[in-house]
Structures are given as C-alpha cells and as structure tokens.
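Computed from a predicted model, the values in this text were never measured in an experiment. The basis for the numbers below is simple: all heavy atoms, side chains too, and nothing from hydrogens, waters or symmetry mates. Each chain gets a letter, A, B and so on, in the order the sequences are listed, and its residues count up from 1.
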Protein chains: 2
Amino acid sequence: MTARTPSETARDIPEATVARLPVYLRALTSLSEAGTSTCSSEALAASAGVNSAMLRKDLSYLGSYGTRGVGYDVDYLRYQIAREIGVTQDWPVVIVGIGNLGHALANYSGFRSRGFRTVALLDADPARTGETVAGIDVRPFDDLEGIVAEHGVAIGVIATPAPAAQAVADRMVAAGISSILNFAASVLTVPAGVDVRKVDLSIELQILAYHEQRKAQDQQQEETA
Amino acid sequence: MTARTPSETARDIPEATVARLPVYLRALTSLSEAGTSTCSSEALAASAGVNSAMLRKDLSYLGSYGTRGVGYDVDYLRYQIAREIGVTQDWPVVIVGIGNLGHALANYSGFRSRGFRTVALLDADPARTGETVAGIDVRPFDDLEGIVAEHGVAIGVIATPAPAAQAVADRMVAAGISSILNFAASVLTVPAGVDVRKVDLSIELQILAYHEQRKAQDQQQEETA
DNA sequence: GCCGGTTTGTTCTCTCGTTCACAAACTCCT
DNA sequence: AGGAGTTTGTGAACGAGAGAACAAACCGGC
Ligand SMILES: NC(=O)c1ccc[n+]([C@@H]2O[C@H](COP(=O)([O-])OP(=O)(O)OC[C@H]3O[C@@H](n4cnc5c(N)ncnc54)[C@H](O)[C@@H]3O)[C@@H](O)[C@H]2O)c1
Ligand SMILES: NC(=O)c1ccc[n+]([C@@H]2O[C@H](COP(=O)([O-])OP(=O)(O)OC[C@H]3O[C@@H](n4cnc5c(N)ncnc54)[C@H](O)[C@@H]3O)[C@@H](O)[C@H]2O)c1
C-alpha cells in the first residue's frame, strides 16, 4: 500500500514549518529588493522573527540549499521556497460575499503579487450584482459552478455573514473547490480531502484581551505585595 | 521571589487552550440563543469542532464548572469563560490606517458585540481625516497619545501598509498600548511585555496553496501508478 | 438507601514542535 | 597546502499539546 515513490524531494513537511515558509519567502523578497544577494541563517531568522536554529531546521526539510561557511543565496532560496509552496504558478481564487470585508479583499493588491488571481466576486444579493470592484464585476452566487469549472478554481474565500457560511462552503465543495479560507465566525464541516483555514479577528482580539487582563492582575498583585 | 499567591483561580492556562476559549464562548452563545440551558462536553465539542476530551481538559484549567452525569450549565459556563478571557468588561480599541481594510474593520459589528469598543480611527493621510466611518470621525494619527491617555486604551490595531507598521507600533507602545493586532505584512519588533498577534491573509492562502499542490501531486502519482 | 446509567475531571501515553549543541563543510588568508 | 574562522545541517534533549482511557461523582428510579 505505502508505495513511497521518492520522486523529487521527500514530502511530509511539518505543518508548523509550512506555516513559516511564507514568512521566510517575504523576508527573502525584502532582502532581494534591498540588493542583498547572500544571507546567513542568523540574518534571515532575524528578518523573519524566529530562532536561527529553527530556520535552519525548517529549510533542511526542503533540501540542502545553503553553503556552510557562507550562507544562502537569496534569490535561489527564494525560488526553492516558492516552488515548494506552489506559488511559482498562479492560483485562481473566487471570493464569495462582497460586503465590507469582501470589498477590502478584492481591492487587496498583496493577493495578486503573491501568485493568487481573483477570477470572480460572487454575492447572493441582487443589489450587489453588476457592481464593479477593483475592475472585476460582481456576479450572482449561482454562477459559482460555471466559474469554478471554467477556470479550474481550487481555492475559495468566504466573506459572508456566519449563518450563510456553511451553505456557501457546501456549494463550493460540490463545485469542486478543495481549499477554503473562511472569514465568517462559524465552524465549517467539510468532507475529508478539503482543507479549511479560518481567520477570525474577534478571536485574536479576545486572546489579546486575556493576556492584557493577566498583565493587569499581575501588576495589581505586585502593588499589594 | 516566586511569591505564588493562589488568589482566585490558578493561572497559567496553556496558550493553545486560550486560543480555543473564544471558540467555546461563541458556541455557548449560539446554544444559549437557541434556548439550550444544559449541554454535555460531547455536544459542545461538536459545536466547536474539537475533540470532547480536549474540551474537557481545556475547561478543567478554569475550574470544575460541570456536573458529572449531567454536563455544563450553558449560561454559567459562558459567564465563567467570558470572565476568564476578560470580555465581561469593555476594551477600548484604536484602529490605525483607515484604508480598504480599516474601513471594513470599523464597520464590523462583531467587534462591539464581543466586548471591544472602537474609540478612535486614526490615519496619517490628511485627505482621510474628517471622514466619518461607522459613526466615528477619522482623526489625525498624531492624536494617538491623547486618545490612549484619555480612554486608557490597551489594544491597538494596525491596518497601514507594511512599511509604516513598525513606526506605528513604536508610537503605540510609547503611548502606552501593550497589545497589538497587526494586519500589515511585516514582522514587528516590540519591547518585552507587549503582545503582538498578526493576521496575514496571504500567508493563509499560501498554506492552502501548498496543500493544494500536494493533493495534485499525489493524484498525479496515483494515475501513473 | 441503593443500583444502573451517564458524564465529568484527570492521568498516562504518544506525537509534534522547539531549542541546544556540535561535527561537517566551506572560505579566505598566509 | 594548511590552518583559522564561519556557518550549515542534524542528532539529541526538552517541552508542549492532543487523544485514549478510566475512576470519581452525579442523577433518577425503585
Ligand atoms: N468586516 C470585518 O472587518 C470583518 C472582520 C472579521 C470577520 N468578519 C466576518 O466576515 C463576514 C463578512 O463581514 P462583512 O462585514 O463583510 O459583512 P457584510 O454584511 O458587509 O457582507 C456580507 C455579504 O455577503 C453577502 N451574502 C449574504 N449571504 C450570502 C450567500 N448565501 N451567498 C453569497 N453571498 C451572501 C451579502 O449580500 C453581503 O454583501 C462576516 O461573517 C463577519 O463576521 C468581518
Ligand atoms: N485589504 C485587504 O484585504 C488586506 C488583507 C490582508 C492584509 N492587508 C494589509 O493591511 C494593510 C492595509 O491594507 P489596505 O488595503 O487597507 O491598504 P490601504 O492603502 O487601502 O490603506 C492604508 C491606510 O493607511 C494609512 N497610512 C499610511 N501610513 C500611515 C501611517 N504612518 N500612520 C497612519 N496611517 C497611515 C493610509 O493613509 C491609508 O489610508 C496592508 O499592510 C495590507 O498588506 C490588507
């Protein structure tokens, strides 16, 4: 069963490492634009805000792209990471729910520059349909299946109110989308093989509030001590 | 030195647990609104999308708020979690950078309903100043110190372009802010005692792209097998 | 008052992630 | 060519997090 074809690079990069690769990629792009051609793990780790040992271990999962005593070639490493993540090719993306957040996302240029191309903006509200945001027409949600098939869309973004999110996700999955980025504050249930990542602003704020409260308590305790 | 005052509840809740508490809180609010007064760890875990054993362990860090053989009282548990996180009180928040994203954040109602009150919108661009978003005037960035002092703001949100983020963070910290939510795609350096959390949309998309690419490769391998 | 059924709180174990520390490998200088 | 000085890649120690399993505790019925 375990066919194990050691075709190109060995797979199985740890999830925590995958989450940091884009940060390294960004740091390398920065360095490259600043004209730096070579950098040490120490320098790159500082740019990325991590420990240098962790950086080296992360990079070692991709292969041996550094030179001992010298460091890493910025552009070469940048290409290798980009290839590993898969952003050397363009990924078509659809955004569903063109309200406050959907508008911001559609207008966000960081998308395009990092290998993601917004091919459609969809909304269920007929009043929204026909509007043009960032040069792209807002189309009815029912166009989803056609657009996904036409462009081979694999990644969908949900920016609808929470109650609509599960239904939208179901339609996306049925249409053939297998990766979803969810901004709605709700837990999505999807079949195996479909990846979901969530971004929840209010959760982030609550985590900050917890630590803030702790700081206040600690300070109070010091005062009474 | 380690005074260790076991004042109320024992502190030191694991970070992973802290990150899940807001999810439980949301699920409990949902259940409460649906009229449910009691629920088991199994049911709550399903709503939150986690394993029931993990849920019980998480809750056990707060204390013993359940009843064996019965389950948890929804409203009581909800209050206990809210108190632990610190969202029974209101947290004043400032948002800096009222562009595409800043507008969406200012218009976001989920803020207010979860214990966070936007007390000011700040932008360095004079053209933005004077505009009113969601009933709040956009004010010059230089008003930061005054507003932080006046309202006792502890939490700041950065939605400026990446190159401006570090400077904004420095000013925030100098003004007395000790928790920052950063939407800009840059690594922030802050003094010890200041918490930073980042939300980076393009990192999330890149993680999805990586897994998507892997799926495609696996499928290709199966076909040739 | 006791017993069967139910559900929590917790212990144990395993996996995953992070950091340390150092040998291997490279460059540069003499 | 050889040695001093760097920097990578990785084995090993350490710590945190997740899941399985089970005893303790509770309810309701008899
Ligand atoms: N605005 C923010 O800053 C922010 C921040 C974090 C999270 N969120 C979350 O993002 C989501 C969107 O927020 P928003 O402020 O943009 O809300 P919004 O109400 O402004 O926009 C929602 C849009 O989704 C559309 N829609 C509703 N049901 C739909 C359906 N079934 N199919 C397709 N489209 C549908 C609506 O027509 C509307 O245009 C919400 O779940 C919110 O909780 C928003
Ligand atoms: N729009 C999105 O969907 C989105 C998504 C993810 C991340 N981001 C990030 O969020 C940030 C903001 O994105 P945006 O699309 O809203 O950009 P934007 O250009 O529309 O808005 C930026 C705003 O910040 C203000 N500003 C600039 N320098 C400032 C300073 N020193 N002090 C105060 N204000 C200042 C500008 O005047 C402008 O109003 C960017 O870093 C972007 O990468 C945006």
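Remark: P of dA25(D) and CZ of Arg56(B) are 16 Å apart, rounded to the nearest angstrom. Atom CG in Asn51(A) sits about 15 Å away from atom P in dG9(D), given to the nearest Å. The distance from atom CG of Asp58(A) to atom P of dT10(D) is 13 Å, rounded to the nearest whole Å. Per the geometry, CD belonging to Glu42(A) stands 19 Å off P belonging to dG5(D), to the nearest Å. Per the geometry, CZ belonging to Arg20(B) stands 15 Å off P belonging to dA16(D), to the nearest Å. Whole-Å rounding puts the Asp73(B) CG to dT8(C) P distance at 13 Å. Between the CG atom of Leu59(A) and the P atom of dT18(C) there is a distance of 14 Å, given to the nearest Å. Between the CD atom of Glu15(A) and the C1' atom of dC16(C) there is a distance of 12 Å, given to the nearest Å.
In the set dC26(D), dT7(C), dG19(D), the nucleotide with an atom closest to the side chain of Ser40(B) is dT7(C). Nearest nucleotide to the side chain of Ala53(B), out of dT8(C), dT10(D), dA20(D): dA20(D). The side chain of Arg68(A) approaches dA23(C) more closely than any other nucleotide in the set dA23(C), dA18(D), dG17(C).
The residue among Thr67(A) and Thr17(A) whose nearest nucleotide of DNA chain C lies closer to the 5′ end is Thr17(A).
For the OP1/OP2 pair of dG9(C) and a distance below 4.0 Å, the side-chain nitrogens and oxygens of Tyr72(B) include at least one atom meeting the criterion.
Using a cutoff of 4.0 Å between basic side-chain nitrogens and carboxylate oxygens, Arg78(A) and Asp73(A) are not scored as salt-bridged.
Checking side-chain atoms of Gln213(B) against main-chain N and O of Glu84(A) turns up a donor-acceptor pair under 3.5 Å.
The minimum heavy-atom distance linking Ala19(A) with Val23(A) is given by the pair O-CG2, 4.2 Å. Here the closest heavy-atom approach between residue Asp12(B) and residue Arg214(A) is recorded as OD1-NH1, 3.9 Å.
Between Phe111(A) and Phe116(A), the two ring planes are tilted [angle within 30° to 60°].
Side-chain atoms of Lys57(B) and base atoms of dG19(D) include a donor and an acceptor less than 3.5 Å apart.
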